[in-house]
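FYI, side chains are in, hydrogens and waters are out, and symmetry mates aren't considered; it's all heavy atoms of this structure.
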Amino acid sequence: MSDYSLLIFDWDGTLMDSIGRIVESVCAAATACDLPVLDEVAIKGIIGLALPEAIAVLYPQVADATRVTAFRDAYVEHYLALDAEPAALYPGVAEGLRQFREQGHLLAVATGKGRQGLDRVLAGQGLTDFFDVTRCADETASKPHPLMIQEILAHCGARPEQALMIGDSVFDLEMARRAGVDSVAVGYGAQPFEVLQACSPRFAINGFSELGQWLRSAGTAEAGRYVG
(Lines give C-alpha, C1' and ligand atoms only; values in the text may rest on other atoms or scores of the structure.)
Protein backbone atom coordinates (compact mmCIF):
# COMPACT_ATOMS: atom_id res chain seq x y z
CA MET A 1 0.00 0.00 0.00
CA SER A 2 1.16 3.51 -0.80
CA ASP A 3 2.67 5.87 1.77
CA TYR A 4 0.95 8.83 0.08
CA SER A 5 -1.56 9.99 2.69
CA LEU A 6 -2.52 13.14 0.74
CA LEU A 7 -3.73 13.00 -2.87
CA ILE A 8 -3.87 16.36 -4.68
CA PHE A 9 -5.86 16.49 -7.91
CA ASP A 10 -6.00 18.97 -10.72
CA TRP A 11 -9.62 19.47 -11.84
CA ASP A 12 -10.08 20.15 -15.60
CA GLY A 13 -8.69 17.28 -17.65
CA THR A 14 -7.94 15.16 -14.59
CA LEU A 15 -11.24 14.71 -12.77
CA MET A 16 -13.67 16.47 -15.12
CA ASP A 17 -14.01 16.00 -18.88
CA SER A 18 -14.03 19.75 -19.63
CA ILE A 19 -11.06 20.28 -21.96
CA GLY A 20 -13.25 20.64 -25.05
CA ARG A 21 -15.29 23.37 -23.36
CA ILE A 22 -12.18 25.29 -22.42
CA VAL A 23 -10.85 25.14 -25.99
CA GLU A 24 -14.20 26.22 -27.43
CA SER A 25 -14.50 29.09 -24.95
CA VAL A 26 -11.02 30.41 -25.73
CA CYS A 27 -11.85 30.34 -29.45
CA ALA A 28 -15.14 32.15 -28.84
CA ALA A 29 -13.40 34.82 -26.74
CA ALA A 30 -10.79 35.32 -29.44
CA THR A 31 -13.49 35.83 -32.05
CA ALA A 32 -15.39 38.25 -29.82
CA CYS A 33 -12.22 40.27 -29.25
CA ASP A 34 -11.09 40.29 -32.92
CA LEU A 35 -8.06 38.14 -32.19
CA PRO A 36 -6.77 35.22 -34.25
CA VAL A 37 -8.31 31.86 -33.36
CA LEU A 38 -5.43 29.59 -32.39
CA ASP A 39 -5.25 25.86 -32.96
CA GLU A 40 -6.34 23.31 -30.38
CA VAL A 41 -2.79 22.21 -29.52
CA ALA A 42 -1.76 25.75 -28.59
CA ILE A 43 -4.84 26.24 -26.42
CA LYS A 44 -4.44 22.89 -24.67
CA GLY A 45 -0.86 23.90 -23.92
CA ILE A 46 -2.01 26.65 -21.52
CA ILE A 47 -4.70 24.68 -19.70
CA GLY A 48 -3.79 24.63 -16.03
CA LEU A 49 -2.67 28.25 -15.87
CA ALA A 50 -4.79 30.94 -14.26
CA LEU A 51 -6.82 32.75 -16.92
CA PRO A 52 -4.76 36.00 -16.92
CA GLU A 53 -1.53 34.03 -17.35
CA ALA A 54 -3.13 31.90 -20.07
CA ILE A 55 -4.21 34.99 -22.00
CA ALA A 56 -0.70 36.44 -21.71
CA VAL A 57 0.84 33.28 -23.18
CA LEU A 58 -1.66 32.89 -26.02
CA TYR A 59 -2.02 36.58 -26.89
CA PRO A 60 1.04 38.54 -25.75
CA GLN A 61 -0.18 41.40 -27.95
CA VAL A 62 -3.12 41.88 -25.56
CA ALA A 63 -1.21 44.07 -23.13
CA ASP A 64 -3.63 46.60 -21.68
CA ALA A 65 -5.95 45.71 -18.82
CA THR A 66 -9.12 46.67 -20.69
CA ARG A 67 -8.51 44.14 -23.48
CA VAL A 68 -7.51 41.43 -20.99
CA THR A 69 -10.74 42.04 -19.09
CA ALA A 70 -12.78 41.92 -22.30
CA PHE A 71 -11.21 38.59 -23.27
CA ARG A 72 -11.75 37.16 -19.79
CA ASP A 73 -15.39 38.27 -19.72
CA ALA A 74 -16.06 36.80 -23.18
CA TYR A 75 -14.43 33.53 -22.13
CA VAL A 76 -16.43 33.29 -18.91
CA GLU A 77 -19.70 34.15 -20.67
CA HIS A 78 -19.23 31.40 -23.25
CA TYR A 79 -18.04 28.84 -20.69
CA LEU A 80 -21.02 29.51 -18.42
CA ALA A 81 -23.38 29.05 -21.36
CA LEU A 82 -21.83 25.66 -22.07
CA ASP A 83 -21.93 24.81 -18.37
CA ALA A 84 -25.71 25.08 -18.33
CA GLU A 85 -25.36 21.36 -19.02
CA PRO A 86 -22.72 20.27 -16.49
CA ALA A 87 -19.64 18.49 -17.79
CA ALA A 88 -19.18 14.91 -16.65
CA LEU A 89 -16.53 13.46 -14.43
CA TYR A 90 -14.25 11.03 -16.26
CA PRO A 91 -15.16 7.34 -15.98
CA GLY A 92 -14.17 5.88 -12.63
CA VAL A 93 -13.55 9.23 -10.91
CA ALA A 94 -16.56 9.27 -8.56
CA GLU A 95 -16.01 5.69 -7.46
CA GLY A 96 -12.24 6.10 -7.20
CA LEU A 97 -12.41 9.23 -5.07
CA ARG A 98 -14.81 7.57 -2.66
CA GLN A 99 -12.54 4.54 -2.41
CA PHE A 100 -9.56 6.77 -1.65
CA ARG A 101 -11.60 8.46 1.07
CA GLU A 102 -12.62 5.10 2.55
CA GLN A 103 -8.98 4.03 2.53
CA GLY A 104 -8.08 7.01 4.70
CA HIS A 105 -6.44 9.33 2.17
CA LEU A 106 -6.76 13.07 2.54
CA LEU A 107 -8.06 14.54 -0.71
CA ALA A 108 -7.37 17.98 -2.17
CA VAL A 109 -7.90 19.95 -5.39
CA ALA A 110 -5.34 22.36 -6.86
CA THR A 111 -6.81 24.03 -9.92
CA GLY A 112 -6.34 26.85 -12.38
CA LYS A 113 -10.08 27.53 -12.10
CA GLY A 114 -11.33 30.50 -10.11
CA ARG A 115 -13.04 29.94 -6.78
CA GLN A 116 -16.50 30.75 -8.10
CA GLY A 117 -16.11 28.30 -10.97
CA LEU A 118 -14.81 25.48 -8.81
CA ASP A 119 -17.53 25.95 -6.19
CA ARG A 120 -20.15 25.85 -8.95
CA VAL A 121 -18.93 22.53 -10.39
CA LEU A 122 -18.39 20.98 -6.96
CA ALA A 123 -21.99 21.80 -6.08
CA GLY A 124 -23.17 20.43 -9.40
CA GLN A 125 -21.39 17.12 -8.73
CA GLY A 126 -22.51 16.91 -5.11
CA LEU A 127 -18.91 17.26 -3.91
CA THR A 128 -19.06 20.59 -2.07
CA ASP A 129 -17.88 19.14 1.25
CA PHE A 130 -16.07 16.11 -0.12
CA PHE A 131 -12.46 17.37 -0.32
CA ASP A 132 -10.38 18.25 2.74
CA VAL A 133 -9.08 21.42 1.06
CA THR A 134 -9.29 23.08 -2.35
CA ARG A 135 -7.12 25.86 -3.76
CA CYS A 136 -7.87 28.00 -6.81
CA ALA A 137 -5.75 30.20 -9.04
CA ASP A 138 -7.49 33.43 -8.06
CA GLU A 139 -6.70 33.03 -4.35
CA THR A 140 -3.03 32.04 -4.54
CA ALA A 141 -0.15 31.92 -7.05
CA SER A 142 -0.85 30.40 -10.46
CA LYS A 143 0.71 27.09 -11.42
CA PRO A 144 3.54 26.17 -11.80
CA HIS A 145 4.47 28.21 -8.71
CA PRO A 146 4.51 25.76 -5.76
CA LEU A 147 2.50 27.97 -3.37
CA MET A 148 -0.80 26.21 -4.10
CA ILE A 149 0.62 22.86 -3.00
CA GLN A 150 2.51 24.39 -0.09
CA GLU A 151 -0.74 25.86 1.24
CA ILE A 152 -2.48 22.49 0.88
CA LEU A 153 0.36 20.75 2.73
CA ALA A 154 0.16 23.30 5.54
CA HIS A 155 -3.62 22.95 5.82
CA CYS A 156 -3.38 19.15 6.02
CA GLY A 157 -0.29 19.06 8.25
CA ALA A 158 1.45 16.88 5.66
CA ARG A 159 5.07 16.69 4.56
CA PRO A 160 5.96 16.83 0.84
CA GLU A 161 6.94 13.16 0.77
CA GLN A 162 3.46 12.22 2.02
CA ALA A 163 1.70 13.93 -0.90
CA LEU A 164 1.07 13.03 -4.53
CA MET A 165 -0.02 15.47 -7.26
CA ILE A 166 -2.15 14.04 -10.07
CA GLY A 167 -2.49 16.22 -13.18
CA ASP A 168 -2.71 16.38 -16.95
CA SER A 169 -0.48 19.39 -17.69
CA VAL A 170 3.17 20.31 -17.38
CA PHE A 171 2.09 23.10 -15.02
CA ASP A 172 0.67 20.52 -12.58
CA LEU A 173 3.77 18.36 -12.67
CA GLU A 174 6.22 21.25 -12.53
CA MET A 175 4.34 22.73 -9.58
CA ALA A 176 4.70 19.39 -7.81
CA ARG A 177 8.42 19.20 -8.59
CA ARG A 178 9.02 22.69 -7.19
CA ALA A 179 7.12 21.75 -4.03
CA GLY A 180 9.15 18.55 -3.58
CA VAL A 181 6.07 16.39 -4.19
CA ASP A 182 5.84 13.27 -6.38
CA SER A 183 3.45 13.37 -9.33
CA VAL A 184 1.37 11.16 -11.59
CA ALA A 185 0.84 12.20 -15.22
CA VAL A 186 -2.66 11.91 -16.65
CA GLY A 187 -2.65 10.98 -20.33
CA TYR A 188 -6.34 11.42 -21.15
CA GLY A 189 -6.49 15.19 -20.55
CA ALA A 190 -4.94 18.30 -22.08
CA GLN A 191 -1.39 17.26 -22.93
CA PRO A 192 0.16 14.06 -24.35
CA PHE A 193 2.44 11.70 -22.46
CA GLU A 194 5.52 12.68 -24.44
CA VAL A 195 5.16 16.25 -23.16
CA LEU A 196 4.40 15.24 -19.58
CA GLN A 197 7.23 12.72 -19.40
CA ALA A 198 9.76 15.57 -19.50
CA CYS A 199 8.59 16.51 -15.99
CA SER A 200 9.69 13.10 -14.60
CA PRO A 201 6.42 11.93 -13.04
CA ARG A 202 6.54 8.89 -10.80
CA PHE A 203 3.89 7.16 -12.91
CA ALA A 204 1.40 7.82 -15.71
CA ILE A 205 -2.17 6.68 -16.21
CA ASN A 206 -4.39 6.21 -19.25
CA GLY A 207 -7.55 5.92 -17.16
CA PHE A 208 -8.47 7.02 -13.64
CA SER A 209 -8.87 3.49 -12.30
CA GLU A 210 -5.16 2.89 -12.92
CA LEU A 211 -4.31 5.34 -10.15
CA GLY A 212 -5.85 3.15 -7.46
CA GLN A 213 -4.18 0.06 -8.88
CA TRP A 214 -0.80 1.78 -8.80
CA LEU A 215 -1.27 3.12 -5.28
CA ARG A 216 -2.05 -0.37 -4.05
CA SER A 217 1.17 -1.65 -5.60
CA ALA A 218 3.41 1.32 -4.68
CA GLY A 219 6.67 0.16 -3.20
CA THR A 220 6.89 -2.84 -5.53
CA ALA A 221 8.56 -3.18 -8.92
CA GLU A 222 5.24 -2.27 -10.55
CA ALA A 223 5.38 1.17 -8.95
CA GLY A 224 8.27 2.22 -11.15
CA ARG A 225 6.57 1.41 -14.46
CA TYR A 226 5.84 4.41 -16.66
CA VAL A 227 2.73 3.92 -18.80
CA GLY A 228 2.94 5.60 -22.18
Side-chain angles (χ1 to χ4, degrees), residues 2 4-19 22 47-50 86-115 117-137 139-140 142-156 158 160 162-179 181-191 196 199 201-216 218:
S2 159
Y4 298 117
S5 58
L6 170 60
L7 304 180
I8 307 171
F9 297 93
D10 169 58
W11 187 265
D12 294 303
T14 297
L15 299 182
M16 179 166 276
D17 187 4
S18 48
I19 297 300
I22 294 172
I47 292 176
L49 291 176
L89 298 175
Y90 284 107
V93 166
E95 300 88 344
L97 290 175
R98 285 177 172 80
Q99 288 174 3
F100 295 144
R101 169 72 66 197
E102 292 168 1
Q103 292 163 2
H105 293 283
L106 296 172
L107 303 180
V109 171
T111 177
K113 298 179 87 67
R115 171 53 60 187
L118 180 64
D119 286 350
R120 184 181 68 254
V121 295
L122 287 174
Q125 295 293 334
L127 296 173
T128 297
D129 299 316
F130 185 80
F131 293 94
D132 294 280
V133 57
T134 60
R135 298 300 288 162
C136 298
E139 58 194 12
T140 186
S142 174
K143 302 172 184 179
H145 193 286
L147 183 59
M148 199 178 292
I149 287 182
Q150 291 166 346
E151 291 173 346
I152 290 171
L153 293 173
H155 178 93
C156 295
Q162 296 175 304
L164 184 70
M165 177 72 209
I166 302 97
D168 68 314
S169 80
V170 293
F171 307 114
D172 299 320
L173 307 190
E174 176 62 14
M175 175 178 64
R177 188 193 66 78
R178 294 185 188 185
V181 167
D182 284 344
S183 65
V184 167
V186 168
Y188 52 79
Q191 297 179 3
L196 301 177
C199 298
R202 233 356 251 298
F203 194 62
I205 58 174
N206 288 302
F208 194 81
S209 63
E210 294 177 14
L211 177 62
Q213 296 166 9
W214 179 73
L215 287 170
R216 288 190 294 273

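Scanning for side chain to side chain contact (heavy atoms under 4.5 Å, CB included) contacts around Asp17 gives Tyr90, with sequence neighbours left out. Not counting sequence neighbours, the partners of Ala50 by the side chain to side chain contact (heavy atoms under 4.5 Å, CB included) test are Pro52, Glu53, Ala137, Ser142. By the salt bridge (charged side-chain N to carboxylate O under 4.0 Å, His left out) test, Glu151 is found to be paired with Arg135, residues two or more places apart in sequence or in another chain being considered. Residues passing the side chain to side chain contact (heavy atoms under 4.5 Å, CB included) test with Pro91: none are found, sequence neighbours excluded. When the ring pair (Phe, Tyr, Trp, His ring centres under 6.0 Å) test is applied to Phe131, no partner is found at least two apart in sequence or on another chain.
Sorted by first and then second residue, the salt bridge (charged side-chain N to carboxylate O under 4.0 Å, His left out) pairs with a member in residues 98-115 read Asp12-Lys113, Arg101-Asp132, Arg115-Asp119, Arg115-Glu139; sequence neighbours excluded. The side-chain hydrogen bond (donor to acceptor under 3.5 Å, both in side chains) contacts involving residues 165-177 comprise Thr14-Asp168, Lys143-Asp172, Ser169-Asp172, Glu174-Arg177, Glu174-Arg178, where partners must be two or more places apart or lie in separate chains.
In this structure, the separation between OH on Tyr188 and CD1 on Ile205 is 4.5 Å, given to the nearest 0.5 Å. Note that CD1 of Ile8 is 7.5 Å distant from SG of Cys156, once rounded to the nearest 0.5 Å. In this structure, the separation between CZ on Phe171 and CD on Gln191 is 6.0 Å, given to the nearest 0.5 Å.
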Verdict with supporting geometry, Phe9 and Leu97, side chain to side chain contact (heavy atoms under 4.5 Å, CB included):
CA-CA 10 Å; Phe9 297 93; Leu97 290 175; 3.7 Å; yes
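What you find for Pro160 and Val181 is that their closest heavy atoms are O-CG2, 3.7 Å.
Under the 4.5 Å side-chain criterion, counting only non-hydrogen atoms from C-beta, Phe130 is in contact with Leu107.
Between His105 and Phe100, the two ring planes are perpendicular [angle over 60°; tilted spans 30° to 60°].
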